[in-house]
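Note on naming: letters A, B, ... go to the chains in the order of the sequence lines (proteins, then strands), and numbering restarts at 1 for each one. Because the structure is a prediction, the values reported are computed rather than measured.
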Number of protein chains: 2
Amino acid sequence: MESVKIRGYEWMSVTIKDVARIAGVSPSTVSRVISGHTRISPQTTKKVKLIMEELGYFPNIMAKSLVSKTTRTLGIILPRPAEELFLNLFFAEIIRGILAQSMRASYDILLTSSFSDKDEIETITKLVKGRRVDGIILLSSRKNDPSIQFLRDQNFPFVLIGRSADYPDVTSVDNDNVQAAYDATNHLIAQGHTNIRFVTGPEEMVVSQDRLAGYKKAMSEANINIAQDWIIEGELLSQSGYRAMSFIMSQQNPPTALVVFDDVAAFGVLRGLTELGIKVPDQIKLVSFNNIAISELASPPISSIDIGTYQLGYSASQTLIRVVQNEPLNAKEMIIPHRLIIRESSMNKVSRV
Amino acid sequence: MESVKIRGYEWMSVTIKDVARIAGVSPSTVSRVISGHTRISPQTTKKVKLIMEELGYFPNIMAKSLVSKTTRTLGIILPRPAEELFLNLFFAEIIRGILAQSMRASYDILLTSSFSDKDEIETITKLVKGRRVDGIILLSSRKNDPSIQFLRDQNFPFVLIGRSADYPDVTSVDNDNVQAAYDATNHLIAQGHTNIRFVTGPEEMVVSQDRLAGYKKAMSEANINIAQDWIIEGELLSQSGYRAMSFIMSQQNPPTALVVFDDVAAFGVLRGLTELGIKVPDQIKLVSFNNIAISELASPPISSIDIGTYQLGYSASQTLIRVVQNEPLNAKEMIIPHRLIIRESSMNKVSRV
DNA sequence: TTGAGTTGTGCCATACGTTGCACAAAATAA
DNA sequence: TTATTTTGTGCAACGTATGGCACAACTCAA
């Protein structure tokens, strides 16, 4: 038990040895008392525990990790342009889920992002080869993601939130986005709409593709022909949705309903429509995805597919911990159920008091 | 360089010793090549680097930390009821700032939350005594925060985002919230409003107190008397603001302007007003705080005090790293400037096309 | 009572992968 | 040759975990 000075800060470093010395036993004995399941007499155990308490002993996690080759830490790799994407409540909500479950299981969370593609591999390398974490949660579902390739090559435990088009056998937690978009679109078709447009997300994200596919499937089954310009390029951020509106609504045959691939984009769309003096849902209906907390507070409240965002993170963490601890998995790919939350933006008759 | 099996996963663990053996030098020599600044002949350096490259060597961070007593990791302690608060984009944005700056400085981020007060101290203890992180960013500014007391007692490097009422001398990054609220209120007073209400946040948060004080100050200076019920209890979450509205607007002498302590709450207020058929800004003006990304997409767009949320996180990280590395600080308390972003919700004449 | 066998208890030595200090060896200069 | 510099090595830490082993105590039979 000695006082150490690190970078100007005074430290009272009490180690297992100090406890041992004062308790009059060997360090190994103290270690065994801590880990429990080994042959130590009750009175020794009691004595050692008392001393630990008294001295305020706390095991050094680095030393522990070094010998156990285990960190009890999970790494989260945020999507590459984290600067922008993290804006979206959606990601915050996923992290919230991961955090809750990890804390419960006594795992720590290392949060990481990167600036470029090359940078991302470097970041991951540091975590993996530096034995910094036990496993990794990948929050990216771009096509041809080099990170997935890398982690597979390294045979390092990881789970993907989302779906990889290229590596179908990776452990992942995702929604059935095709079905979700199919449901959303059908909700509008059921109301008699036919001129339904789809505002899509970044082309390189698998989730965009899936939702687009679901939209197409529903339209096709309803025998509605999708014109070339019915699919509108959007982005995760809202401004683009906003800009797109004036263009779309000025067309010859404007839509009567919209499926927007993300709530934040939907806010932008809504804003754009309001600017144009177009009333939602009276003149045009709107459905979107992710059901972020604030969607119900939009004017009008936005109908959205709740994809269980929190649950997505929660399950990802749960799954990863299972993988890391070498426990059996029920299935490699886990699907979180979704459900359509119908709000004013897609209601036929507005029941206002 | 041997293959190790951990929890079922096969590992190719290449250590500094392997590199040394193959390069025909001692481990210390390799260590020096890595750290650079020591006398090693150019050809040895070259040779060792080549072998490292070939073997894909990467230093074990745990071992490094053990001997250096440094982790190059910062811990973030989310506010206690993290489950709810993290919902708020505001916190996500702060973390984004912390993350960006930390990555830039090659520091990792350990994200942590807790369920109860007692739990929080335990969590922090683990980080501090387990030598898990070099410093801590505290995202809590409640009154009488036991975490602050603890960290001070332990003499552990930390910075507070926000302000501590009890410990004025802690290193912190904050806004001048009194002034911010003063400005917001004056913006309304300047328009001739006198019946201005304040929707406040959780009583135990210092920021709520500060903003309330700023409101009072502005009102007082304008010689406007604040009636008892002009200060409305709100919460960070939006439902409460929503509920409050019907009550307020049904009063005898309804307000013509509102200062709401947070954007998300403002969304709730706005929703409540819309439900009641009250037009913003025609019938009532609205100003709030934090300027979260989505505020400009509300209908109408919400006037908000931009408190430089991202900057708050960025500076906190910067400051903490400086503290941890024992570099001098310009000031213990750092104030991030704010500015009022005027949008439709508080405009006098709506200039709509 | 004694010796052998059995069980319970705790310690020693070693290892994890790295760094840093004191010193050895080699190269160069005087 | 000796002194001096340059370059590299050996060893001891850092704080913890663990297999093997010593030792004491206890049981039981002769």
side-chain contact (heavy atoms from CB on, under 4.5 Å) partners for [X], two or more places apart:
| X | answer |
| --- | --- |
| B/Ser28 | B/Ser26 |
| A/Leu329 | A/Thr171, A/Thr319, A/Arg322, A/Val323 |
| A/Lys46 | none |
| A/Ile121 | A/Thr125, A/Pro146, A/Ser147, A/Phe150 |

B/S/- along nucleotides 7-13 of chain D (protein heavy atoms under 4.0 Å) is BBBBB--
Between B/Ser315 and B/Gln311 (side chain of the first, backbone of the second, donor and acceptor by atom type, cut-off under 3.5 Å), is there such a pair?
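Judged by distance alone, yes, a pair lies under 3.5 Å.
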Original post:
Where the side chain of A/Arg131 meets the backbone of A/Thr70, is there a donor-acceptor pair that is under 3.5 Å apart?
Top reply: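 Absent.
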The helix from C/dT1-D/dA30 to C/dA30-D/dT1: angle between end helix axes, five pairs per end, rounded to 10 degrees:
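One end's axis against the other's: 60°.
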So side chain to side chain donor-acceptor pair (under 3.5 Å) across residues 157-170 of chain A, not counting sequence neighbours, yields A/Gln149-A/Tyr167, A/Arg152-A/Asp169, A/Arg163-A/Asp210
Starting at [atom1] of [X] and ending at [atom2] of [N], how long is that distance when rounded to a whole Å?
| X | N | atom1 | atom2 | result |
| --- | --- | --- | --- | --- |
| A/Ile34 | D/dT16 | CD1 | P | 7 Å |
| B/Leu66 | D/dA17 | CG | P | 12 Å |
| A/Lys46 | C/dT9 | NZ | P | 16 Å |
| A/Arg132 | C/dG17 | CZ | P | 17 Å |
| A/Lys64 | D/dT16 | NZ | P | 9 Å |
| A/Leu55 | D/dG15 | CG | P | 14 Å |
| A/Asn60 | D/dT16 | CG | P | 6 Å |
| A/Arg21 | C/dC11 | CZ | C1' | 17 Å |

### Task
Would you indicate, yes or no, if C/dG17 has its OP1 or OP2 atom less than 4.0 angstrom from a side-chain nitrogen or oxygen of A/Lys69?
yes
Review point. Do any side-chain nitrogens or oxygens of A/Ser31 fall under 4.0 Å of OP1 or OP2 in D/dA17?
Key: yes
Can you tell which of D/dG15, C/dC16, C/dT19 lies closest to the side chain of B/Ile16?
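Out of D/dG15, C/dC16, C/dT19, the nucleotide with an atom closest to B/Ile16's side chain is C/dT19.
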Q | Set of residues satisfying side-chain hydrogen bond (donor to acceptor under 3.5 Å, both in side chains) with respect to B/Gln318, sequence neighbours excluded | A |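 side-chain hydrogen bond (donor to acceptor under 3.5 Å, both in side chains) check on B/Gln318 returns nothing, list empty.
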Task: Pairing residues for A/Ser35 by the side-chain hydrogen bond (donor to acceptor under 3.5 Å, both in side chains) criterion, not counting sequence neighbours - done: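 Result, side-chain hydrogen bond (donor to acceptor under 3.5 Å, both in side chains) vs A/Ser35: none returned.
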